[in-house]
Amino acid sequence: GYSYSSAIHACAAAGRWEEAMSLLREMKSVKLGPNVVAYGAAMAALANGKQWELALKLLDEKMYAVEGVKPSLMCFNAALHGLAAVGEAKRARELLGAMQQGPRSTRPDIYSYNSAIAACGPGGKAAEARELLEEMRLRGTAPDVFSFNGVMQANVGDGNWAAALEILEDIRRAGLNPDTASFNIAVHACAVGGQWQAAMDVLEEMTEAGLSMDAFTYAHAIEACCNSGNRVTAVALVTELRDKGLPLR
RNA sequence: GAAUUUUCGA
């Protein structure tokens, strides 16, 4: 049982969901009832492989209905992650609701909410992301930096760079510190908006916060400069990036 | 003892 779960996990990490699924099936023929962890790992494999339809099917029709294995929180979370990866915001929200109902009722945790928020990113569903942030608060789960980063990302997807930048303040108001990803998303917002000055301000904030710029930071900052016609600064940033030995994204 | 969350990839 344990080795099967590990093997399935290895397939997930390697992005080989087909093999993960056949291992899951094999567990049955070997008379090892697939357990909840094996299912969780298979769910993660499907999520990584962007096979969200299969993941939902496994969750809805197979796991509990046929095998009698109650999906754990992690199973739901892995499925939610799969939906997030393809920007299926609506279905993610539905699953978030569904997991709280019926005989397999499970209370969502911060991972669940963060994945549902992340699902809003690709489509730029900023309003939905904010609603989820509110919802988690009301339900007694305090948002963390990941939650806010997800909301920021949804604003970037929406093309709303100013709203994205304001979230840096929201993070601080919540008593948290923006992390490297927060600043990178903020700089990316500036790139999308063609705002090189704003990008420079963010870089300064980032440095003041004691964080160092990584390859993503530079890539987004350079893009911001290019998008607003500041070639001089763009070139200076490329030089700086090289001096630090960072790869040009 | 094992499974889940944020930065666009060519």
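A note on names: the letters A, B, ... follow the listed sequences, proteins ahead of strands, and every chain is numbered from 1. Side-chain atoms are counted along with the backbone in the values below, which use heavy atoms only and exclude waters and symmetry mates.
Under a 4.0 Å N-O distance rule, the pair A:Glu128/A:Lys90 does not qualify as a salt bridge. Between A:Arg91 and A:Glu94 there is no salt bridge, since none of the side-chain N atoms of the basic residue sits less than 4.0 Å from a carboxylate O of the acidic one.
Summarising the local packing, CZ of A:Arg231 is surrounded by 12 or fewer heavy atoms from other residues, nucleotides or ligands at distances under 6.0 Å.
Remark: the backbone N or O of A:Leu96 is paired with a side-chain donor or acceptor of A:Gln100 at under 3.5 angstrom. Panel note: side chain A:Asn160, backbone A:Asn155; no donor-acceptor pair is recorded below 3.5 Å.
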Heavy-atom contacts, protein to nucleotides 3-10 of chain B, under 4.0 Å, summarised as B (base), S (sugar-phosphate only) or - (none) per nt, yield BBBBBBS-
